[in-house]
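What follows is one structure encoded as structure tokens, with my remarks underneath.
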Amino acid sequence: MYQYDDYDRALITERVAQFRDQVARYQAGQLSEDEFLPLRLQNGLYLQKHAYMLRVAIPYGVLSAKQLRALAHVSDTFDKGYGHFTTRQNIQFNWVKLPEVPDLLAYLAEHDMHAIQTSGNVVRNVTTEAFAGVADDEVYDPRIFAEIIRQWSTINPEFLFLPRKFKIAVSASEEDRAAVRIHDVGLYLFRDEAGELFFKVMVGGGLGRTPFLSQVLNEKLPWQDLLTYLEAVLRVFNRYGRRDSKYKARIKILVSTLGIEAFRADVEQEFQQIPKEINRITDSELSRIASQFLPAVYQSLGETDLDFATHLQNNSAFSDWYDLNVRPHKVSGYRSVVISTKFPNNIPGDVTSDQMRGIATIAEQYGFGEIRVTHEQNLVLPDIPKSALLAVWTQLNELGLGLANHALLSDMIVCPGASYCNLATAHSFPVAEQVVQAFTLQEQQEIGSVSMNLSGCINSCAHHHIANIGMLGLNKSKTDHYQITLGGRQGMDSRLGKVLGPAIAEAELPNAIRTLFDVYRKYREVDESFIQTVDRLGLEPFKEALYPEAQV
């Protein structure tokens, strides 16, 4: 993983000192709330319902075991003993005290971490898939370019006051596992027939009250021109993006208003006038960053392991976990492990300090001391020998993290909702738990792979629009109701779900979800997944089952 140099550390240390002074001036009454607001947001500090929340950056979702232990210390010292991993591959601490935040940030800086640009109208944390560098279908390690973008965009003075927040995702695999198409800019890295690297640039994605999937902006951008092209996109956004309404300020609105052809013409015009040598990525610069992401020193392990086969045969619980939570690896004899943070064992995304320390120990004992954060709010151990999987699973169970449910309905993405967030219109965590409790694990396994996400408000922090089953919390007559969407999916062929009908009361939501799966069981064909059945049938059978009174 990338190692900070003296420049990185100096930048972060100076930023901590600046914010320490800003906090002191705010507390002394020298800065008004309105003046302090953009300063704290650019340092990742929100004011929520009960306390301040600090969002800490985890660039492209990569953590060392040492850093995870540091986050455990933060949760014990400055919070309430846990942290919440988000769909931006970051971590949030929900109970921090304002006077202590500068000390917290200083401690993070000692461990090469920060909260810079995790909020505010800036370029946010660059994301990629959690299996970067170890996926057997990738053409190049996307973390390398994500790091290049991170260095270029961090405290870039031209882009610190954009019309609205700006999110970038990078994917370099045959399968998009980074939800690229819901980002302001999405980057698909590929090789042409000659083996040369290029980017397919997507623009204008984003969810929230007006959801859009991104459109193709550039089919074949040379990797050397990536930063210059991103600068052109951001300049056009900065110039024409709406600043009179935060609801219309995202680049997705600009692209939709202008049309993709007109937007592309503006970007191309800007791109041509920027001196290419300023931001051109040279071979030497690419090599410098790539040298920080060299493959681990793997052992020569074969795929055949009779003892492992015996464990699978004799231990059905371990076998279920292996089938669901263990993924292929590009190196023979190794696997990647998905650690579920979900119900019924945990609140989605919440990991205690003890669990963090336990995961760090496992990562060091059996892997190479590295942990990944997924945009589905899970964690990943990317490099585990197949022969060590039983021991890893056993230790995860001792931590309460050995749940075998990856990609099942209980592997829900859930935002904090009204439990913490000022913007939320309904509760998320307790309602999601009720839905999950309506299905046994055996039932979930029988249903199979399905994505089910729940957002506490229209901002769609839980990506409910691209879930096979999405639930949006609404407040009707001062009670929580949930609007159900069906048919969404992520990936290169992403699709937004469609609303099935009126919002359903909280108490009726578990039965409503069960009704959808009853339709699936009734009509599915052999080896057909839930979303495949929805695609084949359309929405009408599900609507008729969920709202029978509407058919009278």
Side-chain angles (χ1 to χ4, degrees), residues 1 56 58 60-76 81-85 89 91 111-113 129-135 143 295-299 301 305 307-308 311-312 315 317-342 344-374 376-407 411:
M1 62 183 290
V56 177
I58 304 176
Y60 37 90
V62 177
L63 282 170
S64 69
K66 178 182 177 183
Q67 288 175 324
L68 188 56
R69 287 196 181 91
L71 293 174
H73 174 80
V74 167
S75 68
D76 284 336
Y82 70 96
H84 177 74
F85 289 98
Q89 298 178 301
I91 187 170
H111 295 82
D112 294 347
M113 288 187 287
E129 68 161 293
F131 305 99
V134 301
R143 295 174 301 170
V297 181
Y298 295 103
Q299 303 175 50
L301 303 175
D305 187 330
D307 289 338
F308 181 78
H311 293 317
L312 287 179
N315 190 329
F318 172 61
S319 179
D320 288 343
W321 177 81
Y322 178 79
D323 289 342
L324 291 168
N325 288 54
V326 178
R327 292 186 57 90
H329 196 287
K330 67 180 181 181
V331 178
S332 177
Y334 284 84
R335 298 291 188 271
S336 294
V337 170
V338 179
I339 301 172
S340 173
T341 71
K342 307 302 176 62
N345 295 8
N346 291 267
I347 292 174
D350 281 10
V351 179
T352 69
S353 57
D354 287 341
Q355 288 174 328
M356 291 183 205
R357 293 186 184 96
I359 293 168
T361 297
I362 294 171
E364 290 173 330
Q365 185 175 358
Y366 300 105
F368 298 100
E370 189 170 291
I371 302 97
R372 310 285 182 82
V373 183
T374 77
E376 293 98 347
Q377 298 176 294
N378 291 321
L379 301 178
V380 167
L381 301 173
D383 301 293
I384 301 297
K386 190 170 74 169
S387 59
L389 287 172
L390 179 61
V392 167
W393 174 69
T394 300
Q395 292 184 31
L396 287 175
N397 275 316
E398 292 170 358
L399 295 170
L401 294 168
L403 185 65
N405 77 329
H406 179 52
D411 189 15

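Between W393 and W321, the ring-plane angle classifies as tilted under the 30° and 60° cut-offs.
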**Message:** The test is side chain to side chain contact (heavy atoms under 4.5 Å, CB included); show your working for I58 and F85 and say whether it passes.
**Reply:** CA-CA 10 Å; I58 304 176; F85 289 98; 3.9 Å; yes

**Request:** Start with the C-alpha gap between R357 and L68, add the side-chain angles, then the distance that decides, and say whether side chain to side chain contact (heavy atoms under 4.5 Å, CB included) holds.
**Result:** CA-CA 7 Å; R357 293 186 184 96; L68 188 56; over 6 Å; no

**Message:** Under the criterion side-chain hydrogen bond (donor to acceptor under 3.5 Å, both in side chains), I'd like the reasoning laid out for S336 against R372: C-alpha separation, chi angles, the key distance, then a yes or no.
**Reply:** CA-CA 10 Å; S336 294; R372 310 285 182 82; over 6 Å; no

**L63 vs M113, side chain to side chain contact (heavy atoms under 4.5 Å, CB included): CA-CA, chis, key distance, verdict** = CA-CA 10 Å; L63 282 170; M113 288 187 287; 4.2 Å; yes

**Stepwise side chain to side chain contact (heavy atoms under 4.5 Å, CB included) test for V373 and I91** = CA-CA 9 Å; V373 183; I91 187 170; over 6 Å; no

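Between T361 and R69, the closest side-chain pair of non-hydrogen atoms falls below 4.5 Å. Contact annotation: the side chain of V134 never approaches that of P328 to less than 4.5 Å [non-hydrogen atoms, C-beta and beyond]. L399 places none of its side-chain heavy atoms less than 4.5 Å from the side chain of D354. Here the side chains of Q355 and Y82 are not in contact, with every heavy-atom distance at 4.5 Å or above. Within the 4.5 Å cutoff, the side chain of L301 has no heavy atoms near those of the K386 side chain.
In this structure, the side chain of D307 does not engage the main chain of S387 through any donor-acceptor pair within 3.5 Å. A donor-acceptor distance shorter than 3.5 angstrom exists from the side chain of N315 to the backbone of A317, with no hydrogens or angles considered. N378 contributes no side-chain N or O that, together with a main-chain N or O of V338, makes up a donor-acceptor pair within less than 3.5 Å.
A side-chain donor-acceptor contact under 3.5 Å links N405 and S340.
Here T341 contributes atom OG1 and H84 contributes atom NE2; the two are 8.5 Å apart, rounded to the nearest 0.5 Å. One distance of note links CG of D411 with NZ of K342; it measures 3.5 Å at 0.5 Å rounding. Separating the NE2 atom in H111 from the CD atom in Q67 is a distance of 8.5 Å, to the nearest 0.5 Å. The distance from the CD1 atom of I384 to the CD1 atom of I362 is 8.0 Å, given to the nearest 0.5 Å. The CE atom of M1 sits 8.0 Å away from the CG atom of D112 when rounded to the nearest 0.5 Å. Here CZ of F308 is found 8.5 Å from CG of L390. Values are rounded to the nearest 0.5 Å.
Under the 6.0 Å cut-off for aromatic ring centres, Y334 and Y366 do not qualify, their centroids lying 6.0 Å or more apart.
Scanning all heavy atoms of the two residues, the minimum distance from V62 to E370 falls at CG1-CD, 3.8 Å. Across every non-hydrogen atom of A363 and L381, the tightest pair is CB-CD2, 3.9 Å.
Residue-environment remark: CD (Q365) exceeds the threshold of 12 foreign heavy atoms within 6.0 Å.
Of the listed residues (L379, L389, V380, D383), just one forms a side chain to side chain contact (heavy atoms under 4.5 Å, CB included) with V337, and that residue is L389.
For the pair R327 and F131, the cation sits on the ring face: its NZ or CZ lies under 6.0 Å from the ring centre, inside 45° of the axis.
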